[in-house]
Each structure stands twice: as structure tokens, then as C-alpha cells.
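Everything below concerns the one structure shown next.
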Amino acid sequence: MRRLLLILSLISLPAWAQDDSLYRAWGGKAGIQAVMVDFAARLPQDARIGRRFQGLNAEHLANQLTEQLCELAGGPCQYQGPDMRAAHQGMEISKPEFNALVEVLQQAMAARGIPFAAQNRMLAKLAPMHRDIIDVP
Ligand code: HEM
């Protein structure tokens with residue numbers, strides 16, 4: 001039994017068999033990129049968290065987010081930026097700020113016509129990241 005479990009744990013799905021349904025529901029990489037460009041443009045304008053994004057390179061942020069969400073959605077991408085703990089270290093990001101960012105993302109997804117179910121599937125993949133991003137209550 002133990003050997004069977006070991007063998008099963010060693011078998012991973014080949015790339016072509018991976019579930020890319022979320023990637024397709026978002027319109028592939030171009031669809032994800034369009035939402036992320038919109039999102040990165042909205043962030044500096046938000047009354048609650050905009051100051052965090054003032055003066056940042058929005059294009060870089062949109063590109064990094066595109067790679068990250070493309071990979072999360074099962075698309076053929078590999079996010080190569082810093083992990084979420086390192087990327088947000090020392091920023092003292094609070095829970096209300098995290099929730100505000102999710103709301104801005106929801107605005108961008110709605111504006112770009114991402115179907116509601118596909119919005120929620122992506123949010124479910126992002127939600128656990130709060131552990132690495134939020135460091136004050
Ligand atoms: C699920 C939620 C989040 C995700 C997936 C996410 C993802 C990312 C990614 C991929 C980067 C680029 C890292 C790099 O290339 O250096 C980044 C940077 C950044 N994030 Fe987040 N983030 C999230 C939440 C937040 C929140 C809640 C805030 C603050 C309110 C925030 C503020 C920033 C800032 C200011 C940067 C730019 C850092 C810099 O360029 O110096 N993020 N984030």
C-alpha cells in the first residue's frame with residue numbers, strides 16, 4: 001500500500017493534460033493581460049490603497065501579475081518574480097487593505113467582462129496568499 005501511494009505521488013500530469021479551463025475562461029493570456037493592465041491603472045486611483053502604488057511602474061506590475069495569474073489559471077506561463085512574502089515584506093499591509101485590493105480587482109474583472117464564475121475561481125486561488133501578504137491586523 002505504501003509503495004502504491006509512493007508511485008502515485010510520483011506520477012504527475014503531463015503538461016497537455018493539465019486543467020487550463022480557468023485560463024481559457026479568462027480569454028487566455030491576452031484576456032488576463034487586459035484585466036491586469038486595467039487593474040494596475042485603477043490601483044493608484046483608489047482612495048484606500050492608492051498611495052501604495054503612487055509612482056510605481058504600472059506596466060511592470062501588470063506584466064508580473066499577468067504571468068502570476070496565467071500560471072495560477074493553468075496557462076502556459078511561469079511567474080518568475082519574488083514570492084508573495086518577499087514582494088510585500090515590510091509594507092505593513094493590513095486586512096482592510098487586502099480586501100480593498102480585491103475590490104479593485106473585482107472592478108477590473110467586471111469592466112473586462114470576465115464571467116462571474118471565472119472571477120470567483122481566480123479569487124479563490126488568490127485568497128490564501130493573504131497569509132504571506134498581510135502583516136498587521
Ligand atoms: C492577492 C493579492 C496580491 C497579489 C497576487 C499581489 C501580487 C503582486 C506582484 C506579483 C507584485 C510584483 C512583484 C515584483 O515583481 O516585484 C506585487 C508588488 C506590489 N504589491 Fe502586491 N499583491 C497582492 C496584494 C497586495 C496588497 C493588498 C497591497 C497593498 C495594499 C500590495 C502592494 C504591492 C506593492 C506596493 C507592490 C510593488 C512593490 C514594488 O514594486 O516595489 N499588494 N504584488
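First listed ligand is number 1; within each ligand, the first listed atom is number 1.
The protein heavy-atom contact nearest to atom 30 (C) of ligand 1 is I49 CG2, 3.7 Å. Among protein heavy atoms, the minimum distance from atom 27 (C) of ligand 1 is reached at F98 CA, 3.5 Å. Closest to atom 5 (C) of ligand 1 among all protein heavy atoms lies Q68 OE1, 3.4 Å. Nearest protein heavy-atom neighbour of atom 32 (C) of ligand 1: F53 CZ, 3.3 Å. For atom 36 (C) of ligand 1, the closest heavy atom belonging to the protein is M91 CE, 3.9 Å. In this structure, the protein non-hydrogen atom closest to atom 3 (C) of ligand 1 is I133 CD1, 3.5 Å. Looking at atom 26 (C) of ligand 1, its nearest protein heavy atom turns out to be L101 CD1, 3.6 Å. Nearest to atom 21 (Fe) of ligand 1 among the protein's heavy atoms is H88 NE2, 2.0 Å.
Using a 4.5 Å cut-off on side-chain heavy atoms (C-beta onward), R131 and M84 make no contact.
Defined by atom type and a distance below 3.5 Å, a donor-acceptor pair is present between the side-chain atoms of Q33 and N63.
The backbone N or O of M91 sits less than 3.5 Å from a side-chain atom of R52, completing a donor-acceptor pair. Looking only at distances, a side-chain donor or acceptor of H130 sits under 3.5 Å from a matching main-chain atom of A127. Distance alone, capped at 3.5 Å, is enough to place a donor-acceptor pair between the W26 side chain and the A118 backbone.
For ligand 1, the atoms lying closer than 4.0 Å to a non-hydrogen atom of L61 are 11 (C), 12 (C), 17 (C), 18 (C). Ligand 1 places these atoms under 4.0 Å from at least one heavy atom of L56: 35 (C), 37 (C), 40 (O). Within ligand 1, the atoms closer than 4.0 Å to a non-hydrogen atom of I93 are 26 (C), 27 (C), 28 (C), 29 (C), 31 (C), numbered from 1 in the order shown. Contact atoms of ligand 1 toward R52: 35 (C) (distance under 4.0 Å to a heavy atom of the residue). When each atom of ligand 1 is checked for a heavy atom of P82 under 4.0 Å away, the hits are 13 (C), 14 (C), 15 (O), 16 (O). Every atom of ligand 1 with a heavy atom of Q64 under 4.0 Å away is listed here by number and element: 14 (C), 15 (O).
Hydrophobic clustering (side-chain heavy atoms under 4.5 Å, transitive across Ile, Leu, Val, Met, Phe, Trp, Tyr) groups L101 together with I114. A continuous path of ILVMFWY side-chain contacts below 4.5 Å connects V104 to V35, so both sit in one hydrophobic cluster.
Residue nearest to atom 7 (C) of ligand 1, selected from R48, E67, M129, M84: M84 (by heavy-atom distance).
More than 12 non-hydrogen atoms from other residues, nucleotides or ligands lie less than 6.0 angstrom from CD of Q54.
Each of Q89, R85, H88 was evaluated against D132; a single residue qualifies, R85, per the side-chain hydrogen bond (donor to acceptor under 3.5 Å, both in side chains) test.
Heavy-atom separations between H60 and ligand 1 include at least one value shorter than 4.0 Å.
Rounding to the nearest 0.5 Å places CD of Q45 at 10.0 Å from CD of Q107.
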